[in-house]
Participant: 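Mind having a look at this structure? Questions to follow.
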2 protein chains.
Amino acid sequence: MPDTKRVTSADVARLAGVSRATVSYVLNDTPRQTISAGTRTRVLDAAARLGYSPSAAARTLRTGRSDVVLCLLPDWPIGPEVGSLLGNLSAALTRHGLTLVVHPGSRGERPVAELWKAITPAAVISYTEFTDAEAAAMRSAGVAVVVAVPRRGRGRELAVPQELVGRRQAEHLVAAGHTRLGYAYPDDQRVRFFAEPRLAGVRAACAARRLPTPVGLTVPLDPSAAADCVRRWQSTEVTAVCAYNDEVALAVLAGARTAGLSVPGDLAVIGVDDIPPARLAAPPLTTVTTDQAVVGAHLAATVVAAMSGRSAPELPAADIVRVVPRDSA
Amino acid sequence: MPDTKRVTSADVARLAGVSRATVSYVLNDTPRQTISAGTRTRVLDAAARLGYSPSAAARTLRTGRSDVVLCLLPDWPIGPEVGSLLGNLSAALTRHGLTLVVHPGSRGERPVAELWKAITPAAVISYTEFTDAEAAAMRSAGVAVVVAVPRRGRGRELAVPQELVGRRQAEHLVAAGHTRLGYAYPDDQRVRFFAEPRLAGVRAACAARRLPTPVGLTVPLDPSAAADCVRRWQSTEVTAVCAYNDEVALAVLAGARTAGLSVPGDLAVIGVDDIPPARLAAPPLTTVTTDQAVVGAHLAATVVAAMSGRSAPELPAADIVRVVPRDSA
DNA sequence: CTGTTAGCGCTTTCAA
DNA sequence: TTGAAAGCGCTAACAG
């Protein structure tokens, strides 16, 4: 096995017959450094011939900042939407010369603090709030802190405000003539930062129409437990329910089935996310999606803006969340 | 905003009244270096007081190897099982002092090659095969290459061999008295590296019982298209089908429903993964799961072994994939 | 047992 | 327009 040593900028410099500084200049397109076309091409193809790619470690050490964007995942189970968001985000960041790297959150791990100190990322994107102290520490260490989804109210949203999602659900149901709504709350306490605002959105929509407050129930992902919930809604004259997400909505569907109710006849149901099983459900599930490509691109733009001190663009939130009408509502 | 400068080992050394080398020794528990208890504690709490954490960049630059394990995700949509695997893997690696970092594959990105060169990870875990050239290049650059899932036949498996999954499905169906099986192939060409071996497992199980070869059909995630498939199975006397995964199985269920067939009466169906919607389906879906915690821990162990030149432990594959019997088969 | 020293590969003044 | 040189923070010989 040929223990090939790493190709360094010195190798490139030697092959191109220039100094390492020059190599650095051309490879980085250093502003206010002009390089003769000849030298430039010579360096460029020396680099290509050698298969040179700079050491991120050295560069980071030198500049004090890497081109890595760290995304901290929450420790609750993530769905395909997150996967899609990350894919889009990664692509968008790559276009800006940044590298997205994701750290799967799993409880009982080394605290986040260690991680960002260790990686010196250009930016950190998180699904959970930082304490002010953490944020300050990171910022002063040169990290463009960005807290992602659950940021409520404080000005610009970095992702789609979850209230909007809830509002869309409720509006769809109300438009179909329902006046008494239920809300199917997830069984998993860890997602409450998402569920809370969605429910708030549903409440707001009802309030705006002077309809009664939605009756919320925690719905486990289990047909018979869900059936109990369905019966309780039934007994409170609820005719339509907004579910936290598609999985919960599927549980409601299963509950209705085992309780002997028909959907949407006896109970209309609407979910969130449009996961693949949604359209395969019985009946096919009406749901609301958000365009993750747009969110990903926007998040990337926000990160880039934050890094260069510019202010972030606005997310056209209203345009990218829409209901996918199917048969359940 | 206090632009606090990074705390370096020199700061710790100063506060502890020792040299940087000493700090390095105690913090790394350098083998064959003995440190007096007094010095050790002095250094340790100087570090604690300062909130010191070493610069990964510097360390990587110096040692030529980081403690990051890079996992390259495929560019096809990943399900919750992968999420769970990554969580477990991350936790397991952390216990070994390694940091898992995941790069979402998205098409059209900077080639993988660049990425590993840039990050100098201790190991790379991938869902897709490397070419021999890539593997050699990585290994010679000091990366303990580890190709994850689709590694077929070549000795030790790094993850559960997908043949086994298919075999389990078929065995369950056969044990229930079915003799003519169908295979529901995914519509997405990108997952064929997973689908192929699963189908092979089903075939092998049938062959072992001298049963006819399973009749394979590509099933789109769409009720009416799936209904066509179901009818074709019906016309070939297939009474039970193994689906590539739960989503495809859900499609088969939907197809049966729209074709007016009952499950499992007219057609039995078994999936793979046990995604949450599986138990909420009509009827609840029988499926086969694999214990991701075990796989995660094993993968971690493999990586660690590879890094220290030891040989990897064996994965008790047979023990960790089991069918979850519900109503569809 | 602890300190001195020499870089790892890169960027970036400062001179030439 | 290019080169020389000084480190970024850390580890690992080698001395003391």
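Because the structure is a prediction, the values reported are computed rather than measured. Proteins get letters first, then strands, A, B, ... in listed order; numbering begins at 1 in each.
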Participant: Using the salt bridge (charged side-chain N to carboxylate O under 4.0 Å, His left out) criterion, which residues pair with B:D45? Sequence neighbours excluded.
Facilitator: none
Participant: Between the opening five pairs and the closing five pairs of the helix from C:dC1-D:dG16 to C:dA16-D:dT1, how far apart are the helix axes, to 10°?
Facilitator: 40°
Participant: Under the side-chain contact (heavy atoms from CB on, under 4.5 Å) rule, collect the residues that match up with A:A301, sequence neighbours excluded.
Facilitator: A:P313
Participant: For A:S36, what residues pass the side chain to side chain donor-acceptor pair (under 3.5 Å) criterion, not counting sequence neighbours?
Facilitator: A:T39
Participant: Give A:S9 one of three labels, base, sugar-phosphate or nothing, depending on what nucleic acid heavy atoms sit under 4.0 Å from its own.
Facilitator: sugar-phosphate
Participant: Rounded to whole angstroms, how far apart are CZ on B:R59 and P on D:dG9?
Facilitator: 15 Å
Participant: For residues 8-23 of chain A, which residue pairs pass the salt bridge (charged side-chain N to carboxylate O under 4.0 Å, His left out) check, not counting sequence neighbours?
Facilitator: A:D11-A:R14
Participant: What is the first contacted nucleotide of DNA chain C and what is the last, in 5' to 3' order, if contact means an atom lying under 4.0 angstrom from a heavy atom of chain B?
Facilitator: C:dC1 to C:dG9
Participant: Assuming nearest nucleotide by heavy-atom distance, tell me which of B:R62 and A:T63 is located more 5' along DNA chain C.
Facilitator: B:R62
Participant: Among all residues two or more places apart in sequence or in another chain, which pass the side chain to side chain donor-acceptor pair (under 3.5 Å) test with B:T22?
Facilitator: B:S19
Participant: N/O contacts under 3.5 Å, protein versus nucleotides 2-4 of chain D?
Facilitator:
{"residue": "D:dT2", "atom": "OP1", "partner": "A:S36", "partner atom": "OG", "Å": "3.0"}
{"residue": "D:dT2", "atom": "OP1", "partner": "A:T39", "partner atom": "OG1", "Å": "2.3"}
{"residue": "D:dT2", "atom": "OP2", "partner": "A:S36", "partner atom": "N", "Å": "3.2"}
{"residue": "D:dG3", "atom": "OP2", "partner": "A:S19", "partner atom": "N", "Å": "2.7"}
{"residue": "D:dG3", "atom": "OP2", "partner": "A:S19", "partner atom": "OG", "Å": "3.1"}
{"residue": "D:dG3", "atom": "OP2", "partner": "A:T22", "partner atom": "OG1", "Å": "2.7"}
{"residue": "D:dG3", "atom": "O6", "partner": "A:Y25", "partner atom": "OH", "Å": "3.3"}

Participant: With sequence neighbours left out, write down each residue that passes salt bridge (charged side-chain N to carboxylate O under 4.0 Å, His left out) with B:R40, or none if nothing qualifies.
Facilitator: B:D29
Participant: In whole angstrom, what separates B:D29's CG from D:dC10's C1'?
Facilitator: 17 Å
Participant: Checking A:S24 now: which residues fulfil side chain to side chain donor-acceptor pair (under 3.5 Å) with it, not counting sequence neighbours?
Facilitator: A:N28
Participant: Flag the pair B:F194 / B:W76 as yes when their ring centroid distance falls below 6.0 Å, and as no otherwise.
Facilitator: yes
Participant: Under the rule for side-chain contact (heavy atoms from CB on, under 4.5 Å), what residues qualify as partners of A:V304, not counting sequence neighbours?
Facilitator: A:H96, A:L98, A:R310
Participant: Which residues satisfy the side chain to side chain donor-acceptor pair (under 3.5 Å) test with B:S84, sequence neighbours excluded?
Facilitator: none
